[in-house]
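Only one structure is covered here, and it is reproduced in the block below.
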Amino acid sequence: MQLFDSSQKALLPFQPIQPGQVRIYVCGPTVYDDAHLGHARSAIVFDLLRRTLTAMGYRVTFVKNFTDIDDKIIKKVQESGRSLQELTQDYIQRYKEDMAALGVLPADLEPRATESLDAIFQLIQALLDRGIAYRTPQGDIYFDTSKDRDYCTLSHRCDEERLHRIEPDPHKRNPADFALWKACKGAEDICFDSPFGPGRPGWHIECSAMIDKYLAYHESPYQIDIHGGGADLLFPHHENESAQTRCACGQKLARYWLHNGFVTISGEKMSKSLGNSFFVKDALQIYDGEILRFYLLSTHYRLDLNFNEEDLLATKRRLDRLYRLKKRLYGIKPTQVEPSFKEAMLHALGDDLNISKALAVMDGFIKEANERLDQNPKDRGMKRKFAANIAFLGELLGIGTKDPFHYFQLGVDEETRAKVEALIEERHQAKQAKDFQRADAIRDHLAKMGIALMDTPQGTFWERI
RNA sequence: GGCGCCAUAGCCAAGUGGCUAAGGCAGGGGCCUGCAAAGCCCUGAUCCCCGGUUCGAAUCCGGGUGGCGCCUCCA
């Protein structure tokens, strides 16, 4: 396995800290709104990483947090009149539902910032004790970036010019200093009691704290294996996380830093500020979750993915091929995945999750299986192996797990279904009577309804086009 | 202004020094079929431009052009 580490900007061979075990922390969403396709992609990408490592035989511990306290959440709380708890719980629930629809496995732990205050306090205290953090007269606590000699060694994105552009804050010692604790701003604010007085944590400290509390190896070396998130988190979020942990614990936070590329719309980054967000739940009204998953999965995780319907539908056609094969193997009980197939898939994904190679392997398998089924339709042992390979794809990529007949009829309501089946029966009668004109008229009629028929020795099947 | 990513057939996209440049979608031809669909077979690019290094480059170096991102909340 080799992975691209954003910090070193290089492909590195993956070496877990403890043999056979992998600990992964991924930055989850700030829950003040519904998840958009960018959140979906990030979740899917790291879900693939987790599934791949699991399939390789590692014992994976996977943690994804929820940021449930921040300026935007507070603003929304004030606007909505709902409580912070109520609001964030609601969005967390929606997030989980969206991700489940996309086939994203739930994390082993899903900690929330407001439930990790004890760990946050400890970390801030450690930084104060070491003289890395300082308090302002207003009660805010800042991280002193000048005390961290390694500041900016993660993102490599600091420079004088940048610092001059930061809005001057007379309370900060250095322009790049960032808040660890924000003192309560008054009755309107949402605050928590702390050893430092009422207030709330800064954004970056929660991840360092939750990693420490839930995931890090505390024995030397203090670390987790992989830290992931969207490319926009590299700076300043991950840079700051990294600095906090380094200064508070004297150790690096993570061995490998992975960042996924953006989902763009018309070539522009999807973001809330641009107002071009495509929410997962809206997309799910139009496309099945598995189709969305496969589309978001089928581009390498570090590249930007320009979301558009044309590409999505082309990618769906690729997924169709898998389901057509599954249809041919209907009712076959899987045995064991073929070792050569498993090995080829994992070898491809082991190259920094090279999904293009992996899907080429999958397509090769589909083609070969179809060929051999044409030649030898009754070889049950062979069919059971093929079925096992498909089941393996389900575990590894999270696709191809549906009933194939259901898959090709997604989104068809009961009324249409009854109508289609009545017409198929009528066509069957016509065919029996050798009235092919009538039979073809029915086929054409169904085609106009968006239904394709396929006559097979087992009977006539239909699909939604 | 600083840092960085990307540019391969109609579309999506592998490939980072050397056999005939993966794979998928779309298109064309064929087999199969009462007709179809599905499946299978055949079929397409010299790799944004210019210069350089090399026996040899899509792949390395330099210079351009175009698109995008981070530097402020952001997956």
Side-chain angles (χ1 to χ4, degrees), chain A residues 6 9 11 26-30 32-33 35-46 64 67 70-72 75 152 155-167 176 203 228-237 239 259-264 267-274 277 295 298-300 302-306 308 310-321 324-325 327-328 348 351 354-364 366-375 408 431 434-437 439-440 443-444 447 452-456 460-463 465:
Chain A
S6 307
K9 299 183 192 177
L11 281 171
V26 175
C27 284
T30 301
Y32 68 97
D33 207 345
H36 58 57
L37 294 174
H39 295 106
R41 184 174 188 211
S42 183
I44 289 168
V45 158
F46 291 108
K64 181 157 66 178
T67 298
D70 119 306
D71 289 349
K72 286 187 179 170
K75 190 168 170 233
C152 249
S155 67
H156 313 285
R157 277 186 199 169
C158 303
D159 59 282
E160 286 301 307
E161 195 63 34
R162 188 188 77 80
L163 297 179
H164 292 311
R165 292 159 66 92
I166 295 177
E167 210 171 309
W203 176 34
D232 45 359
L233 297 183
L234 179 57
F235 191 91
H237 186 53
E239 187 68 57
H259 292 93
N260 65 275
F262 300 124
V263 176
T264 60
E268 280 188 317
K269 181 188 171 188
M270 180 186 311
S271 79
K272 284 163 189 172
S273 46
L274 285 174
S277 294
Y295 175 50
S298 60
T299 294
H300 183 81
R302 282 192 280 117
L303 296 175
D304 286 348
L305 185 156
N306 190 22
N308 67 86
E310 192 189 336
D311 293 346
L312 182 146
L313 294 176
T315 308
K316 177 195 174 290
R317 301 292 302 263
R318 195 174 197 176
L319 184 58
D320 288 353
R321 287 170 53 76
R324 291 242 161 72
L325 176 61
K327 220 169 163 183
R328 294 186 78 173
D351 179 16
N354 191 326
I355 191 68
S356 295
K357 273 190 201 166
L359 293 181
V361 171
M362 177 182 92
D363 289 329
I366 292 171
K367 179 175 280 192
E368 191 194 325
N370 275 320
E371 238 171 76
R372 290 176 60 192
L373 284 168
D374 285 347
Q375 292 159 3
F408 285 110
K431 279 177 69 180
K434 301 271 182 211
D435 182 356
F436 292 120
Q437 239 184 349
D440 290 348
R443 180 198 288 289
D444 291 345
L453 297 183
M454 17 206 32
D455 294 328
T456 75
T460 297
F461 298 117
W462 60 277
E463 294 181 358
I465 301 165

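Chain A is the first sequence line, chain B the second, and so forth, proteins listed ahead of strands; every chain is numbered from 1.
Between B/C12, B/A14, B/C25, one nucleotide has an atom nearer to the side chain of A/H300 than all others, and that is B/A14. Listed nucleotides: B/G23, B/C71, B/A36. Nearest to the side chain of A/A360: B/G23. With distances taken from any side-chain atom of A/E310 to the nucleotides B/G39, B/A26, B/C11, the minimum falls on B/C11. Closest to the side chain of A/F262, from the set B/A36, B/C70, B/C40, is B/C70. For A/L233, counting side-chain heavy atoms from C-beta on, the closest listed nucleotide (B/A13, B/A75, B/G69) is B/A75. Between B/G23, B/A26, B/A75, one nucleotide has an atom nearer to the side chain of A/D232 than all others, and that is B/A75. When the nucleotides B/C35, B/G69, B/C40 are ranked by their closest atom to the side chain of A/E268, B/G69 comes out on top. Minimum atom distance to the side chain of A/M454 is reached by B/A36, of the listed B/A36, B/C6, B/A75. For A/K9, taking side-chain heavy atoms from C-beta onward, the closest of the listed nucleotides B/G4, B/G24, B/G69 is B/G4. Closest approach to the A/K357 side chain among B/C68, B/A14, B/C35 is made by B/A14 (side chain taken as heavy atoms from C-beta onward).
Of the nucleotides present, B/G30 is the one that pairs with B/C40 by Watson-Crick or G-U wobble criteria, both distances under 3.5 Å. The partner of B/C70 is B/G2, by the rule that a Watson-Crick or G-U pair needs both atom distances under 3.5 Å. For B/A13, there is no paired nucleotide, since no Watson-Crick or G-U wobble pair has both relevant distances below 3.5 Å. B/A45 is unpaired under the Watson-Crick or G-U wobble criterion, no partner having all donor-acceptor distances under 3.5 Å. Nucleotide B/A21 has no partner under the Watson-Crick or G-U criteria, as no pair reaches both atom distances under 3.5 Å. For B/G62, the paired base is B/C50 (Watson-Crick or G-U wobble, both distances below 3.5 Å).
Nucleic acid contact class of A/S42 (heavy atoms, under 4.0 Å, all strands): sugar-phosphate only. Heavy atoms of A/T30 sit under 4.0 angstrom from primed sugar atoms or phosphate atoms, though from no base atom. Within 4.0 Å of A/R302, counting heavy atoms only, lies no atom of the nucleic acid at all. Across all strands shown, A/D440 has heavy atoms under 4.0 Å from base atoms, whether or not it also approaches the sugar-phosphate. Residue-level contact check: A/I355 touches neither bases nor backbone, having no heavy atom under 4.0 Å from any strand. Among the heavy atoms of the strands lying under 4.0 Å from A/R318 is at least one base atom, whether or not backbone atoms are also near. Contacts of A/V263 with the nucleic acid, taken as non-hydrogen atoms under 4.0 Å apart, include base atoms. Residue-level contact check: A/M270 touches the bases, meaning some heavy atom is under 4.0 Å from a base atom. Among the protein residues, A/G230 comes within range of the sugar-phosphate backbone only, with heavy atoms under 4.0 Å from sugar or phosphate atoms but none that close to a base. Across all strands shown, A/G364 has no heavy atoms under 4.0 Å from either base or sugar-phosphate atoms.
B/C61 and B/U54 are spaced 12 Å apart, taking the C1' atom of each and rounding to whole Å. If you take atom P in B/U72 and the same atom in B/C3, they sit 16 Å apart, rounded to whole Å. Using atom C1' as the reference point in both B/U43 and B/G10, the two lie 15 Å apart (nearest Å). When the P atom is compared between B/G18 and B/C5, the two are found 22 Å apart, to the nearest whole Å. The C1' atoms of B/U20 and B/G62 are separated by 32 Å, rounded to the nearest whole Å. For B/C55 and B/C50, the P atoms lie 23 Å apart once the distance is rounded to whole Å. Rounded to whole Å, the separation between the C1' atoms of B/G15 and B/G67 comes to 22 Å. Annotation: B/G51 and B/C40 have their P atoms spaced 45 Å apart (nearest Å).
Residue-to-nucleotide proximity on RNA chain B shows that, of A/D363 and A/P29, the 5′-proximal contact is made by A/D363. Judged by closest nucleotide on RNA chain B, A/T299 is the one of A/T299 and A/A231 placed further toward the 5' end.
Between A/H259 and A/S6, the closest heavy-atom pair is ND1-OG, 2.6 Å. A pairwise comparison of heavy atoms in A/L325 and A/I366 identifies CD2-CA, 4.0 Å as the closest pair. Residues A/L233 and A/C27 come closest through the heavy atom pair CD1-CB, 3.5 Å.
As rounded to whole Å, 14 Å separates atom C1' of B/U33 from atom CG of A/D374. In this structure, A/L305 atom CG and B/G69 atom P are separated by 15 Å, rounded to whole Å. As rounded to whole Å, 8 Å separates atom P of B/G34 from atom CZ of A/F436. Computed from coordinates, the A/E463 CD to B/A37 P distance equals 12 Å when rounded to whole Å. The interatomic distance linking A/K269 (NZ) with B/C5 (C1') rounds to 14 Å, in whole Å. Protein atom CG of A/N306 is 14 Å distant from nucleotide atom P of B/A7, rounded to whole Å.
Applying the 4.0 Å criterion to OP1 and OP2 of B/G23, one finds that A/R317 has every side-chain N and O outside that range. Note on A/N260: every side-chain N or O is 4.0 Å or more away from OP1 and OP2 of B/A75. For B/G15, one of the phosphate oxygens OP1 or OP2 lies less than 4.0 angstrom from a side-chain nitrogen or oxygen of A/N354.
Contact check for A/K357 versus A/D351: side-chain heavy atoms found under the 4.5 Å cut-off. Between A/F408 and A/K327 the shortest side-chain heavy-atom distance falls below 4.5 Å. Side chains of A/H36 and A/M270 form a contact here, defined as non-hydrogen atoms less than 4.5 Å apart. In this structure, the side chains of A/R328 and A/D374 come closer than 4.5 Å at one or more pairs of heavy atoms.
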message = Walk me through whether A/Y295 and A/N308 qualify under side chain to side chain contact (heavy atoms under 4.5 Å, CB included).
response = CA-CA 10 Å; A/Y295 175 50; A/N308 67 86; 4.1 Å; yes
message = Working note: A/D363 + A/K367, criterion salt bridge (Lys or Arg N to Asp or Glu O under 4.0 Å); need CA distance, chi angles, decisive distance, verdict.
response = CA-CA 6 Å; A/D363 289 329; A/K367 179 175 280 192; over 6 Å; no
A/L313 vs A/R317, side chain to side chain contact (heavy atoms under 4.5 Å, CB included): CA-CA, chis, key distance, verdict = CA-CA 6 Å; A/L313 294 176; A/R317 301 292 302 263; 5.8 Å; no
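Side chain A/R443 to base B/A36: a donor-acceptor pair is found below 3.5 Å. Between the base of B/C5 and the side chain of A/D304 there is no donor-acceptor pair shorter than 3.5 Å.
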Between protein and nucleic acid, restricted to nucleotides 41-48 of chain B and to nitrogen or oxygen atoms under 3.5 Å apart, what atom pairs and distances do you find?
from, atom 1, to, atom 2, distance (Å)
B/C41, OP1, A/E371, OE2, 3.1

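No side-chain donor-acceptor contact under 3.5 Å links A/E463 to the backbone of A/A452.
A salt bridge between A/R41 and A/D304 is absent, with no side-chain N of the basic residue lying under 4.0 Å from a carboxylate O of the acidic one.
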